[in-house]
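Along the sequence shown, residues are numbered consecutively beginning with 1. As a basis for the values below, the full set of heavy atoms in this structure was taken, side chains included, without hydrogen atoms, waters or symmetry mates.
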Amino acid sequence: MKHKPSVRAAPPVTAVPQPADYAGPLQWRHFIEWLCQDGVITRAEADRTIARISQAESAQPALVRLAAVGMLSAATGQPLDVEQLTEHLAQRAGLGYLRIDPLKVDVGKVADTMSAVYAERHKVLPVQVTSGEVVVATSEPFIDDWVAEVERQARRQVRRVVANPADIKRYTAEFFALAKSVRAAQKAGAAAVGHASFEQLVELGKTNRQLDANDQGVVQVVDWLWQYAFDQRASDIHLEPRREQGVIRFRIDGVLHPVYQVPLGVMAAMTARIKLLGRMDVVEKRRPLDGRIKTRNVRGEEIEMRLSTLPTAFGEKLVMRIFDPDTAVKDLDALGFTRHDAERWEALVRRPHGIILVTGPTGSGKTTTLYSTLKRVATEEVNVSTIEDPIEMIEPTLNQTQVQPALDFGFAEGLRALMRQDPDIIMIGEIRDLETAEMAVQAALTGHLVFSTLHTNDAPSALTRLMELGVPAYLLSATVLGVLAQRLVRTLCPSCRAPDDEAAKATLTEAIKPWKINAGFRPYKPVGCVECRMTGFRGRMGLYELLTVSEAFRGLVQADAGLAALRQQAVADGMRPLRLAGALRVAEGVTTLEEVITATPPLS
């Protein structure tokens, strides 16, 4: 007997209001149905999500709750995060989508648009103010009863954009707290120097001494500044007094970004606060000063900052260089060494004695390379000592000494003293003169491994530079083991980079003649997205040119051969020029040819 197949009744279809008819807070059930209708998720995934969310009560916004469930995209099979859901909500509501970039928000202007209480009550945040409009971010695009009131108060038209509710909540608290702290600092008397001219600076010194660096508003602004810089991956913080106001800028991936503008009085109080914490002379503003601060980020990790002040026409400029131990000291792969250079560098630093030099301009990563290397070789069996100006990072495994020029204690004197401290490995911050170079040579000749830095364009030029200082060629050939030249280039953002066309290959081939790249060629170009702040780049890496001194190279040094001959022999010994090293990274799709050409000297 044949059984007829059973027919299961289709589930009743729930009427889901469409955005054109929708009003009020976003309901997660309705949004799930929209995602299903638009093919973002499957019907099965929608039912699974509804079943999971129905079992748990939460006061979180709808988008945050749905992101936490981990709905799988029908197209990719990957979980949909809150940003993807926010972007789709913006499309459904017919509004623009915005990933809030705090570096592009003028906090002072947006905080004047509405009160913090009003913004929190309506869950909105002004992000841009122009002469004609106010751009306001919201995560509730179907609630607009506040628009007319804001337009009347701000006397500008309101343009709404949809943003991540978590970002709106976070930056609402941060922006309004910062604006409140700045106002409090101004009320404390810091605004007295806001309109000082160059001729009045001497008289304003009396006013500056009345500013309280411990005022609560100033303390809050400084604390916000540091945490903000850590969050944005800044390597340097610049406090720059100008004629009308002070400008705060962050260096991120080698590029300076304006962050905030404050009255000159507030900046003077901030500088005084930071100098006080760095144990610097707060009263002294006429000469450059150096200091150091240790603080912690929001995760509780210790962060060290090096401070440097400089007198300028409109006040005291302060630069804070941030040294995060987790990012400052890396292994060779993270630094950007290729396997070819990493193996040769490891062999060099394991030698018992001699001189190893690292060259490059300021900001090329020499310090990071040296500290990363020294940390690898600083075992319990060896004594590693440094003489620096200034000490860049405090490293517990090293014995570090700061030069004191005012006490006639320079590199040469420090190195002479270190030689009596039974060292195995010595690091000299920089070879600047003949006396320091001669002491480095003597240390190498007496059985020590010496690391130091020079400022030259490439690796072979380091030898000629030392000979120009007056070091005899026979001593250099006997002591120098190798020279590492390096540069930093920005790396392409992995979230938005796009394949480049075939014309890029021809351009790269022309740029590295007479060299050729025989490996695979996969060039990419920058595009720009919210992850990289529309720059197309995120992070930096090193390019390296490693010269190892062979017997043939020593013969050329002793014969006082020219720079061209030294460079040719170095290449024959395995050195890859900086531009070629960069070209290989372009071929791998890590960076661009423009970055490499800007950072490296031409092939010769």
Partner residues of [X] under the side-chain contact (heavy atoms from CB on, under 4.5 Å) criterion, sequence neighbours left out:
X: Pro61; result: Val64, Pro165
X: Val69; result: Thr49, Arg52, Ile53
X: Asp231; result: Arg170
X: Glu343; result: Arg339

Looking only at non-hydrogen atoms, find the nearest pair between [X] and [Y] and report the distance.
X: Ala498; Y: Val527; result: CB-CG2, 3.6 Å
X: Cys493; Y: Glu531; result: SG-CB, 4.4 Å
X: Leu72; Y: Pro79; result: CD2-N, 3.9 Å
X: Ala137; Y: Val127; result: CB-CG1, 4.1 Å
X: Ala46; Y: Ile32; result: CB-CG2, 3.7 Å
X: Ile237; Y: Ala229; result: CD1-CB, 3.5 Å

*May I ask you to say whether Asp500 pairs ionically with Arg522, meaning some side-chain N is under 4.0 Å from a carboxylate O?*
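Salt bridge flag = no for Arg522 with Asp500.
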Does [X] reach the main-chain N or O of [Y] with its side chain, forming a donor-acceptor pair under 3.5 Å?
X: Arg487; Y: Ala599; result: yes
X: Thr42; Y: Ala74; result: no
X: Thr535; Y: Cys532; result: yes
X: Tyr524; Y: Ala587; result: no
X: Gln157; Y: Val134; result: no
X: Lys294; Y: Ile303; result: no
X: Gln84; Y: Asp81; result: yes
X: Arg160; Y: Pro141; result: yes

*Give a yes-or-no answer on whether the side chains of Gln220 and Ser181 include a donor-acceptor pair shorter than 3.5 Å.*
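Checked: Gln220/Ser181 side chains pair up, N/O donor to acceptor below 3.5 Å.
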_Checking side-chain polar atoms at under 3.5 Å, does Asn297 have a donor or acceptor matched by the opposite partner on Gln227?_
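Result is no, nothing qualifies.
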*Begin with the C-alpha distance, continue with both residues' side-chain angles, and end with the deciding distance and a verdict on side-chain contact (heavy atoms from CB on, under 4.5 Å) for Val266 and Val218.*
CA-CA 7 Å; Val266 176; Val218 176; 5.8 Å; no
*Stepwise, does the side-chain contact (heavy atoms from CB on, under 4.5 Å) test hold for Ile322 with Glu304?*
CA-CA 6 Å; Ile322 301 171; Glu304 189 167 328; over 6 Å; no
*Show the numbers, then the answer: is there a side-chain contact (heavy atoms from CB on, under 4.5 Å) between Tyr97 and Glu83?*
CA-CA 9 Å; Tyr97 160 75; Glu83 290 299 337; 2.4 Å; yes
Return the [atom1] to [atom2] distance between [X] and [Y], rounded to the nearest 0.5 Å.
X: Gln261; Y: Gln245; atom1: CD; atom2: CD; value: 4.0 Å
X: Phe337; Y: Trp345; atom1: CZ; atom2: CH2; value: 6.0 Å
X: Leu239; Y: Met270; atom1: CG; atom2: CE; value: 4.5 Å
X: Leu276; Y: Thr271; atom1: CG; atom2: OG1; value: 12.5 Å
X: Ile41; Y: Arg48; atom1: CD1; atom2: CZ; value: 9.0 Å
X: Leu225; Y: Ile274; atom1: CG; atom2: CD1; value: 6.0 Å

Do [X] and [Y] make a side-chain contact, defined as non-hydrogen atoms from C-beta onward lying under 4.5 Å apart?
X: Ile293; Y: Met320; answer: no
X: Leu584; Y: Thr338; answer: no
X: Leu89; Y: Leu26; answer: yes
X: Leu374; Y: Glu395; answer: no

*Pair Phe142 + Trp34: ring centers closer than 6.0 Å*: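 That pair passes the under 6.0 Å test.
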*Glu301/Arg296 under salt bridge (charged side-chain N to carboxylate O under 4.0 Å, His left out): CA gap, chis, key distance, verdict*: CA-CA 5 Å; Glu301 300 165 340; Arg296 294 186 181 276; over 6 Å; no
*Applying ring pair (Phe, Tyr, Trp, His ring centres under 6.0 Å), name anything that partners Trp224, two or more places apart in sequence or on another chain.*
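In terms of ring pair (Phe, Tyr, Trp, His ring centres under 6.0 Å), with neighbours along the sequence ignored, Trp224 is linked to Tyr228.
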*Could I get the full list of ring pair (Phe, Tyr, Trp, His ring centres under 6.0 Å) partners for Phe175, not counting sequence neighbours?*
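So Phe175 forms a ring pair (Phe, Tyr, Trp, His ring centres under 6.0 Å) with Tyr171.
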*Show your working on side-chain contact (heavy atoms from CB on, under 4.5 Å) between Phe31 and His88 and close with a plain yes or no.*
CA-CA 10 Å; Phe31 190 56; His88 189 76; 4.2 Å; yes
*In this structure, which one of Thr369, Thr368, Thr367 forms a side-chain contact (heavy atoms from CB on, under 4.5 Å) with Tyr371?*
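It is Thr367; the other options fail the test.
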*Give every residue pair that meets the side chain to side chain donor-acceptor pair (under 3.5 Å) criterion with at least one member in residues 583-600, sequence neighbours excluded.*
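Sorted result for residues 583-600: Arg490-Glu595, Arg579-Thr600, Arg585-Glu588.
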_side chain to side chain donor-acceptor pair (under 3.5 Å) contacts in which one or both residues fall within residues 120-141, not counting sequence neighbours_ =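 As it turns out, the side chain to side chain donor-acceptor pair (under 3.5 Å) pairs with a partner in residues 120-141, which skip direct neighbours, are Glu133-Arg159.
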*asked:* Could you work out, with side-chain hydrogen bond (donor to acceptor under 3.5 Å, both in side chains) as the rule, every residue matching Gln91, not counting sequence neighbours?
replied: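 Gln91 satisfies side-chain hydrogen bond (donor to acceptor under 3.5 Å, both in side chains) with no other residue.
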_Suppose we screen for side-chain hydrogen bond (donor to acceptor under 3.5 Å, both in side chains). Which residues come up paired with Asp106, at least two apart in sequence or across chains?_
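So Asp106 forms no side-chain hydrogen bond (donor to acceptor under 3.5 Å, both in side chains) with any residue.
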*asked:* Just to verify, what does Glu240 make a salt bridge (Lys or Arg N to Asp or Glu O under 4.0 Å) with, not counting sequence neighbours?
replied: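 Applying salt bridge (Lys or Arg N to Asp or Glu O under 4.0 Å) to Glu240 gives Arg242, Arg249.
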_Once salt bridge (Lys or Arg N to Asp or Glu O under 4.0 Å) is applied, do any residues pair with Arg306, and if so which ones, sequence neighbours excluded?_
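Result, salt bridge (Lys or Arg N to Asp or Glu O under 4.0 Å) vs Arg306: Glu392.
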*Between Asp236 and Arg321, is a salt bridge (charged side-chain N to carboxylate O under 4.0 Å, His left out) present by the stated rule, with each step listed?*
CA-CA 4 Å; Asp236 301 85; Arg321 173 155 290 185; 2.9 Å; yes
*Test Arg92 against every option in Gln37, His30, Glu87 by the side-chain hydrogen bond (donor to acceptor under 3.5 Å, both in side chains) rule and name the one that passes.*
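Answer after filtering Gln37, His30, Glu87: Gln37.
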*Applying salt bridge (charged side-chain N to carboxylate O under 4.0 Å, His left out), run through Glu33 and Arg43 and close with a yes or a no.*
CA-CA 9 Å; Glu33 292 299 329; Arg43 181 72 257 173; 3.1 Å; yes
